[in-house]
Amino acid sequence: MTYIFNHPLIKDKLTRMRKITTESTKFRDNLKEITQLMAYEVTRNFPLINIDIETPVAKTKGFKLKDKIVLIPILRAGLGMVDGLKDLIPTASIGHIGIYRDEETSIPQEYYCKMPASLENGNAMILDPMLATGGSAVEAIKIVKKYKPNSISLICLVAAPEGLKRIEQEHPDINIYIAALDEKLNEKYYIVPGLGDAGDRIFGTK
C-alpha cells in the first residue's frame with residue numbers, strides 16, 4: 001500500500017521546509033511535526049489488546065498496543081524523524097541502519113546495522129525524509145526483513161516517482177507513507193523541487 005498525504009497542516013509545514021531561507025532549527029521543528037502528523041495514519045491499523053485498568057471512579061477495560069514498535073532511521077537524515085515518533089510512542093525501541101552509495105558502482109553498501117531484539121514479531125517503521133532513487137530504502141528493507149517483523153512501514157517526507165516505483169516493484173508487501181510526491185530526479189539524482197540535502201539542512205553542516 002502506498003499512502004500520499006493530503007493534509008493542510010502537512011502541506012503548510014512542508015512548504016516551510018522547502019524554502020531555501022529556512023534555517024536548521026525551523027527545518028528540524030517542521031520535520032518533527034510532520035512526522036508526528038503522519039504517525040496517526042501509519043499506526044491506524046496496529047493491533048490492540050484489551051487490558052483491565054482502574055480509574056479513580058471504577059474498574060474498566062482499556063487498550064494496549066499488541067506488538068512492539070521499532071523505529072529504524074536510515075543514517076543520517078532519518079535521525080531527524082525519530083524524536084517526533086518517540087514522543088508519541090515512548091515505548092518504541094530504536095534500531096539504526098547506515099548505508100552509503102559506492103561511488104564507482106552506485107550500489108548501496110551497508111556500513112552499520114544495530115537492531116533491538118523486539119524487532120522480531122514487531123512493527124518496523126523505517127525512517128528517511130527523502131526517497132530519491134530508492135536504492136538505500138530497498139537495501140534497508142532487505143536488512144529489516146531478515147529480522148522477521150510482523151509489518152514494515154517506510155515513512156518519507158518527499159519522494160521522486162522513480163524511487164517510489166522501485167520500492168513498489170521490489171517490495172510490494174510493505175506500506176509506504178509519503179508527505180509529497182514530487183516531479184522527478186535531476187541529473188545529480190536530487191529530488192525536484194525537493195528539499196535539497198536533508199541531512200545537511202537538519203544538522204546545519206552546509
Side-chain angles (χ1 to χ4, degrees), residues 2-43 69-90 92-101 108 111-112 124-141 153-164 167 175-206:
T2 297
Y3 189 96
I4 303 173
F5 286 80
N6 185 28
H7 193 286
L9 289 178
I10 290 178
K11 288 183 175 181
D12 177 89
K13 294 176 185 298
L14 185 57
T15 298
R16 296 168 192 259
M17 292 180 69
R18 290 188 192 275
K19 292 179 181 178
I20 193 172
T21 55
T22 300
E23 60 186 25
S24 282
T25 301
K26 295 297 183 183
F27 191 92
R28 289 194 301 269
D29 288 347
N30 282 284
L31 174 58
K32 177 179 178 180
E33 291 163 3
I34 292 173
T35 304
Q36 289 180 322
L37 289 168
M38 294 175 72
Y40 288 99
E41 189 63 39
V42 175
T43 59
I69 295 176
V70 182
L71 312 177
I72 307 171
I74 299 178
L75 303 178
R76 65 183 166 140
L79 291 170
M81 302 174 72
V82 171
D83 287 347
L85 289 170
K86 190 66 173 173
D87 286 350
L88 289 177
I89 316 168
S93 301
I94 302 173
H96 296 87
I97 294 177
I99 297 172
Y100 73 92
R101 187 172 63 187
Y111 68 87
Y112 184 79
M125 299 167 71
I126 301 174
L127 312 175
D128 196 346
M130 313 295 287
L131 178 59
T133 65
S136 294
V138 164
E139 189 64 24
I141 294 165
S153 299
L154 174 65
I155 308 172
C156 306
L157 258 68
V158 175
E162 297 92 331
L164 179 60
I167 300 296
N175 297 318
I176 307 167
Y177 298 88
I178 59 176
L181 181 61
D182 278 13
E183 296 173 14
K184 61 181 180 179
L185 294 175
N186 66 15
E187 66 280 358
K188 295 182 179 180
Y189 300 108
Y190 274 81
I191 301 173
V192 179
L195 299 168
D197 189 307
D200 282 338
R201 298 193 70 188
I202 291 166
F203 298 107
T205 50
K206 194 172 181 179

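For the numbers below, each heavy atom of this structure counts, side chains included, while hydrogens, waters and symmetry mates do not.
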Salt bridge (Lys or Arg N to Asp or Glu O under 4.0 Å): which pairs involve residues 71-82, sequence neighbours left out? Arg76-Asp200
Evaluate the side chain to side chain contact (heavy atoms under 4.5 Å, CB included) criterion for residues Leu37 and Lys13: first the C-alpha distance (whole Å), next the side-chain angles of each, then the deciding distance (0.1 Å), finally the verdict. CA-CA 11 Å; Leu37 289 168; Lys13 294 176 185 298; 4.3 Å; yes
Applying the side-chain contact (heavy atoms from CB on, under 4.5 Å) criterion to Ile155, which one of Ile72, Leu127, Ile34, Ile176 satisfies it? Leu127
Spatial distance of atom CG (Asn175) from atom CD (Glu41) [nearest 0.5 Å]: 10.0 Å
Derivation of the side chain to side chain contact (heavy atoms under 4.5 Å, CB included) call for His96 and Leu79: CA-CA 9 Å; His96 296 87; Leu79 291 170; 3.9 Å; yes
Is it true that a side-chain atom of Glu183 and a backbone atom of Val192 form a donor plus acceptor pair closer than 3.5 Å? no
Determine the minimum heavy-atom distance between Leu131 and Ile167, stating which atoms define it. CD1-CG1, 4.0 Å
Heavy-atom pair with the smallest gap, counting every atom of Ala160 and Leu185: CB-CD2, 3.6 Å
Test side chain to side chain contact (heavy atoms under 4.5 Å, CB included) on Val138 and Thr133 and set out the steps. CA-CA 9 Å; Val138 164; Thr133 65; over 6 Å; no
Distance from Thr35 atom OG1 to Ile10 atom CD1, nearest 0.5 Å? 9.0 Å
Could you tell me whether the side chain of Leu14 reaches within less than 4.5 Å of the side chain of Leu195, counting heavy atoms only? yes
Less than 4.5 Å apart, side chain to side chain, heavy atoms only: is that true for Thr205 and Ser24? no
For the atom pair OG1 (Thr2) and CG (Leu164), what is the distance rounded to the nearest 0.5 Å? 5.0 Å
Between the CG atom in Leu154 and the CE atom in Met125, the distance rounded to the nearest 0.5 Å is 11.0 Å
Might you point out which heavy atoms bring Gly196 and Tyr190 nearest each other, and give the distance in Å? C-CE2, 4.0 Å
Gap between atom OH of Tyr100 and atom CG of Leu75 - 0.5 Å precision: 14.0 Å
Around Tyr111, counting heavy atoms of other residues, nucleotides and ligands shown, do more than 12 lie under 6.0 Å from its OH? yes
More than 12 heavy atoms of other residues, nucleotides or ligands under 6.0 Å from NZ of Lys86: yes or no? yes
To check you understand the geometry: which heavy-atom pair defines the closest contact between Arg201 and Arg18, and what is its length? NH1-O, 3.7 Å
Among all residues two or more places apart in sequence or in another chain, which pass the side chain to side chain contact (heavy atoms under 4.5 Å, CB included) test with Ser136? Ile99
Could you go step by step and tell me if Asn6 and Lys11 meet the side chain to side chain contact (heavy atoms under 4.5 Å, CB included) rule? CA-CA 7 Å; Asn6 185 28; Lys11 288 183 175 181; 2.5 Å; yes
From CE (Met81) to CD1 (Ile126), nearest 0.5 Å: 11.5 Å
Taking every non-hydrogen atom, the tightest pair across Ala77 and Asp128: CB-OD1, 4.3 Å
Which heavy atom of Pro108 sits nearest a heavy atom of Glu139, and at what distance? CB-CB, 4.2 Å
